> 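My questions will all concern the structure given below.
In what follows, every heavy atom counts, from backbone to side chain, and hydrogens, waters and symmetry copies are set aside. Source: prediction; values computed, not measured.
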Amino acid sequence: DLEFADKFINKNFPFNQKLIIGFHPGAGKLTNTWSTENFISLIDLIYKKYNNHVLITCGEIDKEVIMKIEEEVSCKGIKFTIADSLSILRLAAILERLNLYITNDTGPMHIAAATNVNQISLMLPGNEFEWAPSGENKYNIKSEQGDINTIKLEEVLKFVDKILL
């Protein structure tokens with residue numbers, strides 16, 4: 001799995017001096033899914049500021065979300081790589097090599113929590129006490145009023161800058 005991750009990173013992100021930032025815009029539950037428009041804006045703003053590589057992770061249940069993001073991000077001229085339906089160990093090995101991973105509250109969030117990747121997790125209120133990743137480089141942003149889309153783009157960007165600057 002480590003060898004797979006090294007090959008994946010070297011093939012898809014050949015310029016090692018650039019940051020690699022990953023995003024997981026899908027989730028097993030609709031209530032845990034920050035809007036695709038928010039993720040598109042986030043990817044765009046981060047890319048403009050950091051000129052980073054973009055990795056988008058997804059599973060079978062995320063296809064509809066990924067198609068929308070893929071189309072919009074492509075229209076903005078942002079190059080990206082999709083890691084689709086990887087095994088837990090392969091995904092963990094890849095995430096370990098990222099500079100930052102931003103995810104909804106879903107399975108890959110927990111996989112990332114087991115790695116050393118800098119992580120921003122978007123959470124519903126109450127979930128953070130039981131399910132939130134913990135650690136020095138794990139940041140959990142809780143939504144207000146039980147709606148994940150009350151998390152503001154600017155709030156996520158503040159954490160991005162805190163981690164990367």
Side-chain angles (χ1 to χ4, degrees), residues 5 9 12-13 15-59 62 65-66 68-70 72-73 76 78-83 86 91-165:
I9 295 294
N12 292 292
F13 309 116
F15 303 108
N16 292 333
Q17 71 274 17
K18 287 177 120 181
L19 297 172
I20 305 172
I21 301 175
F23 303 87
H24 191 86
K29 298 178 193 171
L30 187 58
T31 55
N32 289 7
T33 308
W34 204 42
S35 77
T36 53
E37 291 77 18
N38 283 333
F39 266 104
I40 291 163
S41 295
L42 182 67
I43 292 167
D44 184 42
L45 290 168
I46 292 172
Y47 185 80
K48 285 177 180 170
K49 184 168 187 172
Y50 292 99
N51 189 32
N52 54 284
H53 291 296
V54 174
L55 174 67
I56 300 171
T57 60
C58 69
D62 305 318
V65 169
I66 295 305
K68 283 177 67 177
I69 288 179
E70 195 172 6
E72 291 295 322
V73 170
K76 293 178 181 291
I78 298 171
K79 293 181 182 178
F80 59 92
T81 298
I82 296 179
L86 297 176
L91 180 58
I94 289 171
L95 295 179
E96 185 76 37
R97 288 154 175 78
L98 303 183
N99 299 98
L100 174 61
Y101 191 56
I102 303 169
T103 178
N104 288 312
D105 179 0
T106 192
M109 177 190 79
H110 300 293
I111 295 168
T115 72
N116 288 320
V117 69
N118 294 310
Q119 178 176 353
I120 299 172
S121 302
L122 310 174
M123 313 277 302
L124 289 172
N127 287 1
E128 78 276 13
F129 298 113
E130 186 173 1
W131 299 108
S134 62
E136 286 182 25
N137 63 342
K138 308 299 181 191
Y139 301 90
N140 304 298
I141 304 174
K142 178 181 75 165
S143 66
E144 300 299 325
Q145 305 139 4
D147 180 357
I148 193 119
N149 286 300
T150 59
I151 295 174
K152 303 283 186 240
L153 183 60
E154 297 76 23
E155 190 176 0
V156 179
L157 290 168
K158 277 191 226 173
F159 281 97
V160 170
D161 288 342
K162 179 179 180 175
I163 292 166
L164 298 178
L165 291 178

> Any idea which heavy atoms bring Pro133 and Asn140 closest together, and the distance?
O-ND2, 2.8 Å
> Can you spot which of Ile43, Asn52, Leu42 makes a side-chain contact (heavy atoms from CB on, under 4.5 Å) with Ile21?
Asn52
> Hey, mind stepping through Thr81 and His53 against side-chain contact (heavy atoms from CB on, under 4.5 Å) and telling me if it holds?
CA-CA 8 Å; Thr81 298; His53 291 296; over 6 Å; no
> Is the closest side-chain donor-acceptor distance between Tyr101 and Thr57 under 3.5 Å?
yes
> Give the C-alpha distance, both sets of side-chain angles, the deciding distance and a yes or no for side-chain contact (heavy atoms from CB on, under 4.5 Å) between Ile82 and Cys58.
CA-CA 7 Å; Ile82 296 179; Cys58 69; 3.8 Å; yes
> Determine whether a donor-acceptor pair (N or O, by modelled atom type, separation under 3.5 Å) exists between the side chain of Asn149 and the backbone of Ser35.
yes
> Rounded to the nearest 0.5 Å, how far does CD1 of Ile56 lie from CZ of Phe39?
9.5 Å
> Working to the nearest 0.5 angstrom, can you tell me the gap between Glu72 CD and Asp44 CG?
10.0 Å
> Crowded around Leu30 CG? As in, over 12 foreign heavy atoms under 6.0 Å?
no
> Would you be so kind as to tabulate the donor-acceptor pairs closer than 3.5 Å made by side chains of residues 151-163, with sequence neighbours excluded?
{"residue": "Asp161", "atom": "OD1", "partner": "Lys49", "partner atom": "NZ", "Å": "3.1"}
{"residue": "Asp161", "atom": "OD1", "partner": "Tyr50", "partner atom": "OH", "Å": "2.5"}
{"residue": "Asp161", "atom": "OD2", "partner": "Lys49", "partner atom": "NZ", "Å": "3.0"}

> To the nearest 0.5 Å, how far apart are CD1 in Ile120 and CG in Asn104?
12.5 Å
> Identify the two heavy atoms, one from Pro108 and one from His24, that lie closest to each other, and give their separation to 0.1 Å.
CG-CE1, 3.4 Å
> Could you please spell out the steps behind the side-chain contact (heavy atoms from CB on, under 4.5 Å) verdict for Leu122 and Ile148?
CA-CA 7 Å; Leu122 310 174; Ile148 193 119; 4.2 Å; yes
> Which atom names give the shortest non-hydrogen contact between Asn99 and Leu19, and what distance separates them?
OD1-CA, 3.2 Å
> Distance check, rounded to the nearest 0.5 Å: Asp105 atom CG versus Leu124 atom CG?
7.0 Å
> Are any non-hydrogen side-chain atoms of Ser121 and Lys138 less than 4.5 angstrom apart?
no
> Is there a side-chain contact (heavy atoms from CB on, under 4.5 Å) between Lys79 and Val54 once you walk through the steps?
CA-CA 7 Å; Lys79 293 181 182 178; Val54 174; over 6 Å; no
> Do Asn51 side-chain atoms and Lys18 backbone N/O form a donor-acceptor pair below 3.5 Å?
no
> Taking all atoms of both residues into account, what is the closest heavy-atom pair of Pro125 and Ser143, and its distance?
CD-OG, 3.1 Å
> Is it the case that Thr150 and Asp147 place a side-chain donor and acceptor less than 3.5 Å from each other?
no
> To the nearest 0.5 Å, how far apart are CG in Leu86 and CG in Leu95?
9.0 Å
> Can you check whether Ala112's main-chain N or O pairs, donor with acceptor, with Thr115's side chain at less than 3.5 Å?
yes
> Please find the pair of heavy atoms, one from Ile40 and one from Lys68, that lie closest to each other, and give the distance.
CD1-O, 4.2 Å
> Could you tell me if Asn137 and Gln119 have a donor-acceptor pair between their side chains, going purely by distance under 3.5 Å?
no
> Could you state the interatomic distance from CG (Leu55) to CZ (Arg97), rounded to the nearest 0.5 Å?
12.5 Å
> Show the nearest heavy-atom pair for residues Thr106 and Gly26, with the distance to one decimal.
CG2-O, 3.7 Å
